[in-house]
2 protein chains.
Amino acid sequence: MLSRKTKYGLKALSYLARCEEDAPVQISVISTAENISLKFLESILLTLRKAGFLGSKKGKGGGYYLLKEAKDISIAEVYRVLEGPIALVPCVSLNFYEKCDDCPDEDKCSVHGLMIQVRDSNLRILENTSLEDLINKI
Amino acid sequence: MLSRKTKYGLKALSYLARCEEDAPVQISVISTAENISLKFLESILLTLRKAGFLGSKKGKGGGYYLLKEAKDISIAEVYRVLEGPIALVPCVSLNFYEKCDDCPDEDKCSVHGLMIQVRDSNLRILENTSLEDLINKI
DNA sequence: AATTTATCCTATAGGATTAGTAGGATAAAC
DNA sequence: GTTTATCCTACTAATCCTATAGGATAAATT
């Protein structure tokens with residue numbers, strides 16, 4: 001299951017991508033438009049800024065804006081920043097690998113192969129979907 | 001991320017599927033073989049029995065055994081029982097549908113379409129993989 | 001310079017979920 | 001009737017999720 005944090009983050013990014021102008025958008029505007037708690041959204045946007053997706057401006061006329069073009073932001077990147085690993089188990093994660101403490105030998109684990117299949121299929125989708133794709137769907 | 005409950009459940013089912021004989025297998029045997037806490041495994045097997053995957057026998061010589069052939073148990077079914085929805089968000093779940101409180105209109109949600117794609121791709125894998133496939137991979 | 005506006009940032013609270021444990025009840029076999 | 005093994009409810013500790021509080025900082029306006 002996707003956390004609200006990730007879902008809200010994706011919706012906020014989509015909102016910004018739909019604002020074609022470069023003018024910064026205030027948190028409160030996004031929060032109202034997308035029905036997201038203002039303070040929660042604030043912390044999410046902060047995370048996205050630190051991760052390099054967003055720029056910000058303080059003071060009057062300030063707000064957040066995309067640093068890259070929507071077509072150059074893959075959902076997989078956003079997912080990893082907000083949600084963490086795309087894989088279902090750490091032992092098949094490419095970016096967050098961890099050994100399972102219950103498995104003496106990964107190759108003999110009956111679940112391992114399936115988990116790789118699921119990971120690859122999800123990767124294929126998330127890496128090949130951009131923010132632009134999200135807002136261009138009908 | 002997959003919970004330990006589901007992972008342990010799949011490993012336990014795989015263990016039972018590998019025991020070709022019909023003789024019941026004790027929890028403690030599986031627990032030792034798969035490095036799973038005995039009491040935790042006990043509760044998992046109980047769930048799987050109530051869901052119709054396993055039969056059990058009490059007393060000496062008792063234990064758990066598969067009720068169906070391994071090839072007739074799809075991982076999707078097991079997943080739903082132990083983990084819950086396969087979908088990443090409730091609003092695209094086929095078996096656990098719930099409306100999102102932040103979305104006035106699902107069709108206008110920028111994330112919705114992507115979530116359906118992910119769901120379908122995962123469904124395709126999990127429904128077409130049987131317990132037999134799990135133990136037959138090399 | 002003072003005020004307003006909006007982000008920055010740390011800390012924290014409350015609830016839900018997860019992972020596991022305790023311990024007696026029940027039933028089958030010997 | 002003793003042993004064996006599942007059955008079942010309840011409980012706990014730890015972690016994670018969602019959200020909030022409240023002041024610090026910086027930019028623009030007056």
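Protein chains get the first letters and strands the later ones, always in sequence-line order, with residue 1 at the start of each.
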Taking distance alone, no hydrogens or angles, what donor-acceptor pairs closer than 3.5 Å link side-chain atoms of residues 43-58 of chain A to residues at least two apart or in another chain?
{"from": "S43(A)", "atom 1": "OG", "to": "F40(A)", "atom 2": "O", "distance (Å)": "2.8"}
{"from": "T47(A)", "atom 1": "OG1", "to": "S43(A)", "atom 2": "O", "distance (Å)": "3.0"}

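By the side-chain hydrogen bond (donor to acceptor under 3.5 Å, both in side chains) test, Y64(B) pairs with no residue at all, sequence neighbours left out. Judged as a side-chain contact (heavy atoms from CB on, under 4.5 Å), and not counting sequence neighbours, the contacts of S121(B) are S121(A), N122(A), I125(A), R124(B). Under the salt bridge (Lys or Arg N to Asp or Glu O under 4.0 Å) criterion, E127(B) pairs with R80(B), not counting sequence neighbours. Scored by the side-chain hydrogen bond (donor to acceptor under 3.5 Å, both in side chains) test, T6(B) finds S3(B), E83(B) as partners (sequence neighbours excluded). For the side-chain hydrogen bond (donor to acceptor under 3.5 Å, both in side chains) test, residues two or more places apart in sequence or in another chain that qualify with E34(A) are R18(A). With sequence neighbours left out, E132(B) forms a side-chain contact (heavy atoms from CB on, under 4.5 Å) with A70(B), K71(B), S130(B), N136(B).
DNA chain D is contacted by S37(A), K39(A), F40(A) of residues 25-50 of chain A, taking any non-hydrogen atom closer than 4.0 Å. For residues 92-102 of chain A, proximity to DNA chain C is found at no residue, defined as any non-hydrogen atom under 4.0 angstrom from a strand atom. Across residues 54-64 of chain B, K58(B), G59(B), K60(B) each have a non-hydrogen atom less than 4.0 Å from an atom of DNA chain C (numbered order).
The main-chain N or O of L10(B) is found under 3.5 Å from a side-chain atom of S14(B) such that the two form a donor-acceptor pair. Judged purely by atom type and a 3.5 angstrom limit, R119(B) has no side-chain atom pairing as donor or acceptor with the backbone of I86(B).
Taking 4.0 Å as the cutoff to heavy atoms of chain A, we find the contact window on DNA chain D bounded by dT18(D) to dT29(D).
Environment of NZ in K68(A): crowded, with over 12 heavy atoms of neighbouring residues, nucleotides or ligands closer than 6.0 Å. Within 6.0 Å of NZ in K99(B) there are more than 12 heavy atoms belonging to other residues, nucleotides or ligands.
Other residues sharing the hydrophobic cluster of Y65(B), ordered by chain and number and joined by side-chain separations under 4.5 Å: L67(B).
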